[in-house]
Amino acid sequence: MLSLKFISEKPELIVSRLKIKNFDAKDLVKQLTDLDALRRKLKSELDTSQSVVNKLSREIGQYYQQGKKEDAEMARKQTATLKEDIKELAPRLGEIEENIQELLVQLPNIPHDTVPPGRAAEDNLIVREGGQMPVLNKDALPHWDLARKYDIIDFELGVKITGSGFPLYKGKGAKLQRALINLFLDTAVESGYTEVMPPIAVNEASAFGTGQLPDKEGQMYHVTADNLYLIPTAEVPLTNIFRGEILSLKDLPRMLTAYTPCFRREAGSYGKDVKGLNRLHQFDKVEIVEIQHPDRSYESLERMTRYVEKLVTRLQLPYRIILLCGGDMSFHSSKTYDFEVFSAAQNRWLEVSSVSNFESFQSHRMMLRYREVDGKLYPAHTLNGSALALPRIMAALLENNQVEDGIKIPPALVSYSGFEMIS
RNA sequence: GGAGAAAUGGCAGAGUGGUCGAAUGCGGCGGUCUUGAAAACCGUUGUUCCCUUGCGGGAACCGGGGGUUCGAAUCCCUCUUUCUCCGCCA
């Protein structure tokens, strides 16, 4: 969410910047600035009336103490009309503030200067590519066939136990998952991230803080009996650690990492996109989160991107880094890099990571601030990135490394998996 | 799930109707002292919003919401959360 003050000060800037995101903010911004002007006016009136009432009340107290009953009665009568005004104004102000809040959450984050314009995925920019494209035989199998052939992932059992999109990993498949998680966490910790194991169900305030609520409600699993949400990403609990906090300069940056299962309802998806591991309701992910000083958040974004690049490089997967265009970016992000790895048997690129700078968008929602040298409080910048999401990494690893008699495990993983080959 | 207790500033903890944004202690920050540090001493130390170019002034906040009252941290209602004991349980 953008700050109301910023919107009122720079309405044209916001409208023009949001054009990059193909978002027509004109009406919304106009409504907000109008409402803000009204809000200020009412607040002023209300404060003035309240101020007089408070003053009279203090006097009444003194009159009673001095035994001046008539003076007290007089003052008491004076408060009556003012209280009428207050009774009328206060709910109006409340309504306007609610109204403003409803509109504020509809306004997307403004993109960074370096975000290219564009409508959709075709307009994204490929920033860098790396890794070797594998050469596979014509009879190379997609990962769902490999999974069955080597008995390492059982999609049918997952359906039996839960439903589609909840795969069951077994044997070396399960071990490989664990190996990936450990590799990712260890690498993150080596790179300065503090490991955390957070709750994977969150309350409403947390889901609101990172922006899952109110608009993405249908994408989360909702535990209605307790009004909790299963996290769609560790970003939610990790960033909300700092909800309502005031950090000092020496606290910045805060760098956290966590492995969690992630849950997404993904309502409406179907077809080849959801085949095998391509899109799941439950999947594993290691996430990195940073809380950073506004002057350095873009350095962090680049550093995090290089960090994720290091991971895919270690896994020897062909990858490309994509700078999302305005139209393809998420509602909350100021700038996002996506990572895709090539899954050779499917002959397609799979998104395995998304690294974003949200600037102060989430901080405004969750009142996450830091104290600047001038002693004042400013919203901190929040960033996060997948490092990495496991299923599609698994898909690419299986497909790209298949040989005649099995699947080769990349060297970086062997010390974690304990085996060099799945056969 | 049953019974009881509680929720106050970064933390601990006073405050049961009037000058209480809130004693006191700890912590934090600044200073004195010191070669440096500690100790001691002195000072300082919440947030949001409104008005104001500035100086400054004002409103709100003692778990959330509502009520009583001229006036509420304090009284009433309600919700939530936490703790203790019992039950169940990895």
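Chain identifiers are assigned alphabetically (A, B, ...) following the order of the sequence lines, protein sequences preceding nucleic acid strands; residue numbering begins at 1 within each chain.
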Asks: Quote, to the nearest angstrom, the C1' distance that separates C49(B) from A90(B).
Replies: 48 Å
Asks: Whole-Å distance between G17(B) P and Tyr64(A) OH?
Replies: 17 Å
Asks: Hey, does the side chain of Lys83(A) come within less than 4.0 Å of G71(B)'s phosphate (OP1/OP2), counting only N and O?
Replies: yes
Asks: Name the residue closer to the 5' end of RNA chain B, choosing between Glu97(A) and Ile60(A) according to the nucleotide with the nearest heavy atom.
Replies: Glu97(A)
Asks: Should the ring pair Phe166(A) and His281(A) be called parallel, tilted or perpendicular, given that the plane angle runs from 0 to 90° and is split at 30 and 60?
Replies: tilted
Asks: Kindly state each residue pair satisfying salt bridge (charged side-chain N to carboxylate O under 4.0 Å, His left out) with at least one member in residues 378-393 of chain A, sequence neighbours excluded.
Replies: none
Asks: Taking a pair as Watson-Crick or G-U wobble with both distances under 3.5 Å, which nucleotide is matched to G18(B)?
Replies: C70(B)
Asks: Only counting residues at least two apart or in another chain, list the ones meeting salt bridge (Lys or Arg N to Asp or Glu O under 4.0 Å) with Glu45(A).
Replies: Lys41(A)
Asks: Between Leu146(A) and Leu398(A), which heavy-atom pair has the shortest distance, and what is it?
Replies: CD1-O, 3.4 Å
Asks: Using atom P in both nucleotides, what's the gap between A37(B) and U47(B) to the nearest angstrom?
Replies: 29 Å
Asks: Between atom CD in Glu245(A) and atom C1' in G46(B), what is the gap in whole Å?
Replies: 14 Å
Asks: Looking at C50(B), I'd like to know if its phosphate oxygens (OP1 or OP2) sit under 4.0 Å from a side-chain N or O belonging to Arg39(A).
Replies: yes
Asks: If we take the C1' atom in both A3(B) and U8(B), what is their distance in whole Å?
Replies: 27 Å
Asks: Does G43(B) pair with anything, Watson-Crick or G-U wobble, both distances under 3.5 Å, and if so, with which nucleotide?
Replies: C29(B)
Asks: Can you tell me the pairing partner of C88(B) across any strand shown, Watson-Crick or G-U wobble, with both distances under 3.5 angstrom?
Replies: none
Asks: What is the distance, rounded to the nearest whole Å, between atom NZ of Lys376(A) and atom P of C49(B)?
Replies: 13 Å
Asks: Which atoms form the tightest heavy-atom contact between Ala389(A) and Phe283(A), and what is the distance?
Replies: CB-CE1, 4.4 Å
Asks: Would you kindly say whether Asn357(A) and Ser297(A) are connected by a side-chain donor-acceptor distance under 3.5 Å?
Replies: yes
Asks: Hey, could you give me each pair passing salt bridge (charged side-chain N to carboxylate O under 4.0 Å, His left out) that has a residue in residues 328-340 of chain A? Not counting sequence neighbours.
Replies: Arg320(A)-Glu340(A)
Asks: Under a 3.5 Å threshold, yes or no: a donor from one side chain and an acceptor from the other, between Glu302(A) and Tyr337(A)?
Replies: yes
Asks: Between C20(B) and A14(B), how many Å separate the two C1' atoms, rounded to a whole number?
Replies: 12 Å
Asks: Write down the distance between CZ (Arg369(A)) and P (U47(B)), rounded to a whole number of angstrom.
Replies: 8 Å
Asks: Hunt down the Watson-Crick or G-U wobble partner of C49(B), both distances under 3.5 Å, from any strand shown, or write none.
Replies: G58(B)
Asks: Can you tell which of C50(B), G18(B), U48(B) lies closest to the side chain of Arg40(A)?
Replies: C50(B)
Asks: Specify the closest pair of heavy atoms between Ser334(A) and Asn109(A), including all atoms of both residues, with the distance to one decimal.
Replies: OG-ND2, 3.0 Å
Asks: For the residue pair Leu107(A) and Ala25(A), what are the closest heavy atoms and their distance?
Replies: CD1-CB, 3.9 Å
Asks: Would you indicate what Leu56(A) reaches in the nucleic acid, counting non-hydrogen atoms under 4.0 angstrom: base, sugar-phosphate, or nothing?
Replies: nothing
Asks: Of the candidate nucleotides C70(B), C51(B), U48(B), which contains the atom at the shortest distance from the side chain of Ser44(A)?
Replies: C51(B)
Asks: Heavy atoms only: give me the nearest Leu2(A)-Pro108(A) pair and the separation to one decimal.
Replies: CD1-O, 3.8 Å
Asks: Going 5' to 3' along nucleotides 77-82 of chain B, which nucleotides have protein heavy atoms under 4.0 Å from the base (write B), which only from the sugar-phosphate (write S), and which from neither (write -)?
Replies: ------
Asks: Any idea which of U48(B), C51(B), G18(B) is nearest the Met367(A) side chain?
Replies: U48(B)
Asks: Can you check each nucleotide of nucleotides 57-68 of chain B against protein heavy atoms at under 4.0 Å and return B for base, S for sugar-phosphate only, - for none, in 5' to 3' order?
Replies: -BBS--------
Asks: Output the residues of residues 249-256 of chain A in contact with RNA chain B, where contact means a heavy atom of the residue under 4.0 Å from an atom of the strand; sort by number or write none.
Replies: none
Asks: Taking only side-chain nitrogens and oxygens of Arg76(A), does any of them come within less than 4.0 Å of OP1 or OP2 of U69(B)?
Replies: no
Asks: Closest nucleotide of RNA chain B for Ala75(A) versus for Gln62(A): which of these residues is on the 5' side?
Replies: Gln62(A)
Asks: Any strand counts, and the cut-off is 3.5 Å on both contacts for Watson-Crick or G-U wobble. Which nucleotide pairs with U82(B)?
Replies: A5(B)
Asks: Whom does A38(B) pair with, Watson-Crick or G-U wobble, provided both distances fall under 3.5 Å?
Replies: none
Asks: Determine the Euclidean distance between corresponding C1' atoms of C11(B) and G46(B); express it in Å to zero decimal places.
Replies: 14 Å
Asks: Measure CG/Leu368(A) against P/U47(B) and give the value in whole Å, please.
Replies: 15 Å
Asks: Figure out the OH/P separation between Tyr378(A) and U48(B), and round it to whole Å.
Replies: 11 Å
Asks: To the nearest Å, how far apart are Arg371(A) CZ and G10(B) P?
Replies: 11 Å
Asks: Could you check Arg254(A), Glu287(A), Met304(A) and say which one makes a side chain to side chain contact (heavy atoms under 4.5 Å, CB included) with Tyr193(A)?
Replies: Met304(A)
Asks: Does the plane of the ring in Tyr370(A) sit parallel, tilted or perpendicular to the ring in Tyr378(A)? Use 30° and 60° as the thresholds.
Replies: tilted
Asks: Between G9(B) and G65(B), how far apart are the two P atoms, rounded to whole Å?
Replies: 15 Å
Asks: What I'd like to find out is whether the side chain of Glu12(A) reaches to under 4.5 Å of the side chain of Val29(A), using heavy atoms alone.
Replies: no
Asks: For nucleotides C26(B) and U44(B), find the distance between their C1' atoms and express it as a whole number of Å.
Replies: 16 Å
Asks: Kindly give the heavy-atom pair with the smallest separation between Leu168(A) and Gly158(A), and that separation in Å.
Replies: CB-N, 4.3 Å
Asks: Would you measure the distance from the C1' atom in A7(B) across to the matching atom in U19(B) and give it in whole Å?
Replies: 27 Å
Asks: Under a 3.5 Å limit for both distances, which nucleotide forms a Watson-Crick or G-U wobble pair with A23(B), could you say?
Replies: none
Asks: Atom CD of Glu84(A) and atom P of U69(B): how far apart are they, to the nearest Å?
Replies: 13 Å
